[in-house]
Amino acid sequence: MRRVPAWVAPASLYLVAVAARLSLAWTRPFGDEAHHYYIARHFGHGPTNVLGMLDNEWLFWWRPLFSLLLSPGAQFGFTGFRVGYVLLAAVLAPALWSWLRGRGVSPVASATAGGLAALHPFLVVWGVRAFPDGLMVAVFVAGLAVWERGRVLAGAALLLAATWVKEVALVGVAVILVEELLPDVHRDRWDLQVRLRPRHVALLAVLALSYVPHLYAESIGGRSPGWSRDGSLAAVVDGAFTTIWFVPLVAVGLLFRQSRRPAILALAYLAFFGGYAVAFGGRAEQWYFVMPTVLGIAAAVAAIDAARVSARPALRRLARPAAAVAVAILAAQVLLPAATAGKQEALHPTVDVFELSYLETVRAERGRDQDLWTALDQLRGDDLHNVFLVDVAWFFAIWPVSERADLVATAYTVGSAPDGVWVAAIEEVANTTFLRVEGTPLNLAIRDVYEDCITVASREYVILRGQGCQGRGAQLHAAFDARQVQA
């Protein structure tokens with residue numbers, strides 16, 4: 001019987017990961033993804049036709065390798081940007097297989113972990129939405145695979161690259177350094193002696209260089225990371241590995257050599273984001289959990305595989321039930337519709353989460369922001385000279401609106417009153433006012449007063465042409481006051 005060539009497994013995993021992600025590559029941009037695209041395409045230079053647009057060069061230097069790696073695809077438009085991201089982020093699946101094989105995990109278990117990285121809906125979604133996290137974890141895991149094979153310089157270079165894709169990778173690098181330093185720490189009474197090896201020096205160099213781009217970005221007007229607030233420890237514990245029930249399984253990974261490093265890294269990220277929530281009230285956004293989820297998969301699969309062949313009968317007996325529980329949880333996540341009775345309460349008992357099945361995730365991604373693009377497609381010719389965006393997310397002003405319109409202005413109705421600037425913008429300056437439907441008094445008042453000027457109306461967006469409805473400043477004030485009373 002002929003042996004299967006060694007390249008077949010990683011190549012197959014890569015192709016499966018690419019295929020799963022390309023099925024969603026033509027969906028609409030998600031949040032900051034539109035901004036990431038413009039930064040990668042123009043190397044940090046913002047659009048000159050968006051009024052009030054601040055200098056974006058610091059955002060390029062914030063995570064320079066992320067933008068540089070995606071810039072070639074971005075030159076072909078947003079689809080090229082997305083496809084370039086998919087092709088790079090899909091490296092995660094074979095990289096995870098390679099890392100676990102190097103740690104002595106069986107071929108079947110390693111392929112299982114790689115398959116989960118390729119096909120788990122959470123990782124598929126964040127392998128399509130071009131955020132730094134999906135690319136960071138792919139480079140980080142590839143770095144671990146190379147590092148643990150004794151290729152110090154190449155491994156260190158990849159680990160440094162991961163931190164330049166997104167700085168939070170330095171948490172993992174620090175954990176690896178501590179883990180590898182501990183065997184070389186010796187205590188002689190009151191003296192601690194540390195023997196630095198070339199591997200330690202390389203990791204120290206990675207840590208020293210990892211934050212340099214951020215420091216430069218902050219020196220030219222940027223901010224430090226970690227803006228989100230109102231986080232909770234419960235949300236972190238539940239979200240880090242996609243459900244709280246995987247936490248014990250990841251922790252079991254500490255018992256075995258093959259799974260110990262993945263478990264330590266996974267739990268370190270859980271502790272990091274948990275500490276961020278407790279100490280600073282920081283909120284870990286869902287895409288932050290890409291790294292701990294991948295590390296958790298590695299730890300859980302490797303632990304079950306190690307238990308299966310353990311010399312201790314008690315551990316061997318636990319392997320099959322543990323695998324059955326993991327499969328049951330994954331099946332519930334992937335196969336059961338979100339409305340299935342008890343699904344959310346069973347998978348997420350401590351937090352309020354609405355987890356979709358795989359098919360529901362695909363449908364949601366394909367339908368997301370359809371209203372926005374349908375409305376934008378109604379704008380042609382003179383409509384696109386001066387466009388006034390009201391309550392539309394700021395990143396959509398950068399793309400796609402800035403690439404379609406001659407001049408773009410943005411404003412938000414939260415806390416705003418209808419002064420003369422608002423009236424002039426709607427009735428005189430803008431050829432088109434493009435308004436997202438919100439419940440603020442001013443947003444409601446604009447739709448009340450200019451209802452007969454609305455040319456396009458959907459559930460989420462309204463387009464009106466205010467130049468044909470001039471002289472309504474007093475009516476707008478009255479409508480605003482009435483809406484304030486109602487509120």
Side-chain angles (χ1 to χ4, degrees), residues 92-93 95-118 120 122-123 137-138 140-145 147-149 159 169 171-183 236-275 288-330 333 347:
L92 171 63
L96 188 59
W97 173 89
S98 177
W99 181 34
L100 293 183
R101 288 293 293 129
R103 297 193 62 79
V105 179
S106 71
V108 172
S110 299
T112 299
L116 288 171
H120 194 288
F122 176 72
L123 296 178
V137 71
F140 183 78
V141 171
L144 285 170
W147 176 264
E148 293 185 2
R149 283 171 168 78
L159 293 174
V171 174
V173 177
V175 170
I176 297 167
L177 174 61
V178 171
E179 188 185 358
E180 297 204 0
L181 263 178
L182 285 177
V236 172
V237 174
D238 182 82
F241 309 133
T242 72
T243 170
I244 192 172
W245 299 117
F246 280 137
V247 176
L249 191 53
V250 172
V252 169
L254 297 171
L255 298 176
F256 306 100
R257 179 193 61 80
Q258 297 95 319
S259 55
R260 188 166 297 126
R261 172 164 286 177
I264 290 172
L265 286 167
L267 294 171
Y269 274 100
L270 172 60
F272 175 76
F273 290 125
Y288 293 9
F289 296 138
V290 172
M291 176 74 97
T293 292
V294 170
L295 295 170
I297 288 172
V301 171
I304 292 171
D305 187 61
R308 181 180 58 85
V309 296
S310 172
R312 300 170 63 181
L315 291 176
R316 287 202 305 273
R317 286 194 296 269
L318 283 175
R320 187 167 294 180
V325 169
V327 169
I329 293 171
L330 287 167
Q333 289 181 310
L347 291 177

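Computed over heavy atoms, backbone and side chain alike; hydrogens, waters and symmetry mates excluded.
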Does the side chain of [X] reach to within under 4.5 Å of the side chain of [Y], using non-hydrogen atoms?
{"X": "Trp147", "Y": "Glu180", "result": "yes"}
{"X": "Phe241", "Y": "Leu295", "result": "no"}
{"X": "Thr293", "Y": "His120", "result": "no"}
{"X": "Leu249", "Y": "Ile304", "result": "yes"}
{"X": "Phe140", "Y": "Val294", "result": "no"}

Check [X] against [Y] and note the closest heavy-atom contact, atom names and distance.
{"X": "Ala302", "Y": "Ser259", "result": "CB-CB, 3.5 Å"}
{"X": "Ser310", "Y": "Leu315", "result": "OG-CD1, 3.6 Å"}
{"X": "Val105", "Y": "Arg101", "result": "O-NH1, 2.7 Å"}
{"X": "Ala298", "Y": "Trp99", "result": "CB-CZ3, 3.8 Å"}
{"X": "Leu96", "Y": "Ala117", "result": "CD2-CB, 3.9 Å"}
{"X": "Ala145", "Y": "Ala95", "result": "CB-O, 4.2 Å"}

For a quick check under 3.5 Å, do Thr243 and Gln333 share a side-chain donor-acceptor pair by atom type?
no
Quick one: side chain to side chain contact (heavy atoms under 4.5 Å, CB included) partners of Val108, sequence neighbours excluded?
Ser106, Thr112
I need the [X] [atom1] to [Y] [atom2] distance, nearest 0.5 Å.
{"X": "Leu330", "Y": "Ile297", "atom1": "CG", "atom2": "CD1", "result": "7.5 Å"}
{"X": "Leu181", "Y": "Ile176", "atom1": "CG", "atom2": "CD1", "result": "12.0 Å"}
{"X": "Leu116", "Y": "Phe122", "atom1": "CG", "atom2": "CZ", "result": "14.0 Å"}
{"X": "Leu144", "Y": "Arg103", "atom1": "CG", "atom2": "CZ", "result": "8.5 Å"}

Quick check: are there more than 12 heavy atoms from other residues, nucleotides or ligands sitting under 6.0 Å from CZ of Arg149?
yes
With sequence neighbours excluded, tell me which residues meet side chain to side chain donor-acceptor pair (under 3.5 Å) with Glu179.
Arg261
So does Gly253 get a backbone contact from the side chain of Arg260, meaning a donor-acceptor N/O pair under 3.5 Å?
no
Taking distance alone, no hydrogens or angles, what donor-acceptor pairs closer than 3.5 Å link side-chain atoms of residues 265-272 to residues at least two apart or in another chain?
{"residue": "Tyr269", "atom": "OH", "partner": "Val168", "partner atom": "O", "Å": "2.9"}
{"residue": "Tyr269", "atom": "OH", "partner": "Gly172", "partner atom": "N", "Å": "3.0"}

